[in-house]
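This report concerns only the one structure given below.
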Amino acid sequence: MKLAKLSLATAIALGSSAAYADVDLSKLKISGQATLYYQTKDDEAVDDQDLFKKDKNSKANVGLSLKFESDLGNNFGFGARLNALDTLGLEHNLVSGTMQIVNNDKLVIPTDDNKTDAKDGREDGLTTMNSRDKWYWAEAYLTKKVGSTTIKVGRQELNTPLMFSEKWNVMPTTFDAAVIINQSVSNLTLVGAYVGKSNTHGSLGNFNTPVGTLAKDGAYAAGAIYKNDIANGNFWFYNVPTVANALWIDGKAKVAGAKLLAQFAMIMPDEDGLRNHLASPTIETDDTTAFALQGTYKIQNTTVSLAGSFTNGDKDKVMLNVANFGTFKGVGGVKTKLATATISGDGDEAGATDTTAYKLKVVQDMKSYGKIIAQFAQYIHGEDSNKAYNRDETGTVFEFLYKQKLSGMNLLFAYIYDENINFWTSELDESAQTLRVVARYKF
């Protein structure tokens, strides 16, 4: 039976109520993902903070994501993703916090450490548990294809070297953007983008200008991507008015059975703009440059890779990390695309200034029994690094991951050991252990 047509406002994608389109429900595609996320931590420097301890550093979320896509005709397309975060009562017995929130609506947990006056009539004087189910539109966009060119406008995921959606948490971060992609030349893709807003893991429903609210006029990106059977490369240029310009170049090639990767990045701050942003007319800035190399070799079911990277630095000048502009905080973002990055050794470690890093990674594919990943990395921060927490110190990371697909679910078990890693260890010369369990079911 032919389904009736339903009128949907394209305002969902463009933020305007001026245009409408008729959508044939028979062409509507619905997909989604359900996620259970749990993490617990043992920090050696914090008293009484042990693994699985509810009231210290155990966090959990349940997430549901629904994606709607449709062909609108005349080479127009539509997409929207509705995300919801919940706790399912896990805060009652298992955890004391959440991995993500929406619109800064933090979870309130009653424990012996946060007794207050009884504001809601409770005789025990504790604040009420408040998990507050929250939802938001993570994506909402229109697409238009004209020959070999595709235009995508609205809220969407991005994947560029210095501005990208981070997918390590319950829900990925997204952007309000306009993107043009041209593929008229064989093996070559040209990309142009304007990014007006982005969200962060700390508040998914709160979209603000990129680079920690400094990019009041948004950001621009232009890229060229070349790929053939032997090699591929990326060239990207970014302009973030009053903040910085940036350049990213990388190349991959197959040589004698091995895969080689080379990366180069340069972040060029706008000195006058940062002086105004920071209300400090005397500051000086300098460019951050980064180089990284990685070699990967596969022997049957075992893959081994070795990577190294270097960034320059000057502690007397303002320099920006080589990290994601979309989740920028302070001088750096949460994640980086540098080859030496790990789960905890991210944009604040591998991408920090005056840092030499190396990483060894081994992947054992056990076919139907899953996949084991072990990686070891060190981040050697020099005396000119902007890492005030562990400047002139070395951060060490060991991570053990097990991935398996079971009953249609993608399972991840991760063990993370850190020494001198900011935001993961509380003090210098101390260590921390983190366990992370994630189950994702795609439908």
Side-chain angles (χ1 to χ4, degrees), residues 31-42 51-52 57-65 67 81 83 85 88 90 94-95 98-100 138 157 159 164-173 201 252 258-259 261 294-307 324 334-347 349-350 358-377 396-418 421 424 432-443:
S31 59
Q33 178 176 275
T35 302
L36 175 62
Y37 205 110
Y38 171 76
Q39 179 172 294
T40 184
K41 183 178 178 181
D42 174 14
L51 293 175
F52 310 111
N57 206 357
S58 295
K59 304 176 181 180
N61 271 114
V62 175
L64 177 63
S65 177
K67 179 73 176 282
R81 181 183 295 275
N83 285 348
L85 284 172
L88 292 184
L90 295 174
L94 190 62
V95 300
T98 56
M99 292 296 300
Q100 290 181 312
E157 294 184 4
N159 185 22
F164 54 93
S165 295
E166 298 177 2
K167 300 184 177 182
W168 60 269
N169 212 326
V170 186
M171 302 291 186
T173 57
H201 296 280
K252 296 179 182 179
K259 294 181 180 179
L261 167 67
Q294 182 185 60
T296 303
Y297 193 78
K298 186 175 182 180
I299 306 174
Q300 295 182 342
N301 296 325
T302 304
T303 302
V304 180
S305 66
L306 180 63
N324 188 0
V334 175
K335 295 297 177 182
T336 181
K337 293 276 190 176
L338 289 175
T340 50
T342 54
I343 295 176
S344 55
D346 46 24
E349 296 292 333
Y358 63 88
K359 181 179 78 170
L360 174 65
K361 181 178 180 180
V362 179
V363 180
Q364 181 65 46
D365 190 348
M366 301 183 296
K367 303 300 180 180
S368 60
Y369 293 100
K371 184 180 294 185
I372 293 176
I373 302 170
Q375 52 190 22
F376 172 83
T396 300
V397 173
F398 171 74
E399 297 171 348
F400 179 87
L401 292 78
Y402 175 69
K403 295 181 178 181
Q404 173 66 295
K405 190 166 185 176
L406 182 66
S407 300
M409 291 189 298
N410 293 312
L411 303 178
L412 168 67
F413 299 89
Y415 168 79
I416 305 164
Y417 175 84
D418 299 290
I421 299 295
W424 292 77
Q433 301 178 85
T434 303
L435 294 180
R436 179 180 293 177
V437 180
V438 184
R440 302 186 193 271
Y441 179 71
K442 294 183 179 181
F443 54 89

Test side-chain contact (heavy atoms from CB on, under 4.5 Å) on Val170 and Leu85; report intermediate values, then the result. CA-CA 9 Å; Val170 186; Leu85 284 172; 3.7 Å; yes
Would you give me the side-chain donor-acceptor pairs under 3.5 Å for residues 363-370, sequence neighbours excluded?
unit_1	atom_1	unit_2	atom_2	d
Gln364	OE1	Thr302	OG1	2.5
Asp365	OD1	Lys367	N	2.9

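- A donor-acceptor pair is defined here as one N or O able to donate and one able to accept, closer than 3.5 Å; such a pair exists between the side chain of Ser165 and the backbone of Thr173.
- A pairwise comparison of heavy atoms in Ala34 and Phe443 identifies N-CE2, 4.0 Å as the closest pair.
- When all heavy atoms of Ala339 and Ala307 are compared, the pair lying nearest together is O-CB, 3.8 Å.
- Remark: side-chain polar atoms of Asn83 are not paired, donor with acceptor, to backbone N or O of Ala138 under 3.5 angstrom.
- For the atom pair OH of Tyr441 and CG of Asn410, the computed distance is 11.0 Å after rounding to the nearest 0.5 Å.
- Lys371 and Asn301 share no side-chain donor-acceptor pair at under 3.5 Å.
- Between the CG atom of Asp418 and the OG atom of Ser344 there is a distance of 3.5 Å, given to the nearest 0.5 Å.
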Should Phe400 and Phe413 be marked as a side-chain contact (heavy atoms from CB on, under 4.5 Å) after you check the CA-CA gap, both sets of side-chain angles, and the distance that decides it? CA-CA 8 Å; Phe400 179 87; Phe413 299 89; over 6 Å; no
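- No side-chain heavy atom of Leu338 sits less than 4.5 Å from a side-chain heavy atom of Gln294.
- By the side-chain hydrogen bond (donor to acceptor under 3.5 Å, both in side chains) test, Lys167 pairs with Glu157, sequence neighbours left out.
- With no hydrogens or angles considered, no side-chain donor-acceptor pair links Asp346 and Thr336 at under 3.5 Å.
- Expressed to the nearest 0.5 Å, how far CD1 of Ile343 lies from OG1 of Thr434 amounts to 9.5 Å.
- The structure places CG of Leu412 at 12.0 Å from CD of Gln404, a figure rounded to the nearest 0.5 Å.
- Contact annotation: the side chain of Trp424 never approaches that of Val397 to less than 4.5 Å [non-hydrogen atoms, C-beta and beyond].
- How far CE of Met99 is from CE of Met171: 13.0 Å, rounded to the nearest 0.5 Å.
- A donor-acceptor pair under 3.5 Å links the side-chain atoms of Glu166 to the main chain of Lys335, judged by distance alone.
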As a quick check of understanding, evaluate side-chain contact (heavy atoms from CB on, under 4.5 Å) for Phe376 and Thr342, giving each step before the final call. CA-CA 9 Å; Phe376 172 83; Thr342 54; over 6 Å; no
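- Residue Thr35 holds its OG1 atom at 11.5 Å from CE of Met409, rounded to the nearest 0.5 Å.
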Applying side-chain contact (heavy atoms from CB on, under 4.5 Å) to Val304 and Tyr297, what does each step give before you reach the verdict? CA-CA 5 Å; Val304 180; Tyr297 193 78; 5.5 Å; no
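- In this structure a side-chain-to-backbone donor-acceptor pair under 3.5 Å is present from Lys359 to Ala341.
- Taking the side-chain hydrogen bond (donor to acceptor under 3.5 Å, both in side chains) definition, one finds that Arg436 meets it with Tyr37, Gln39, sequence neighbours left out.
- For Lys337, the NZ atom counts as densely surrounded, since its 6.0 Å shell holds more than 12 non-hydrogen atoms of other residues, nucleotides or ligands.
- For Lys67, the NZ atom counts as densely surrounded, since its 6.0 Å shell holds more than 12 non-hydrogen atoms of other residues, nucleotides or ligands.
- The backbone N or O of Ser305 sits nowhere less than 3.5 Å from a side-chain atom of Thr296 that would complete a donor-acceptor pair.
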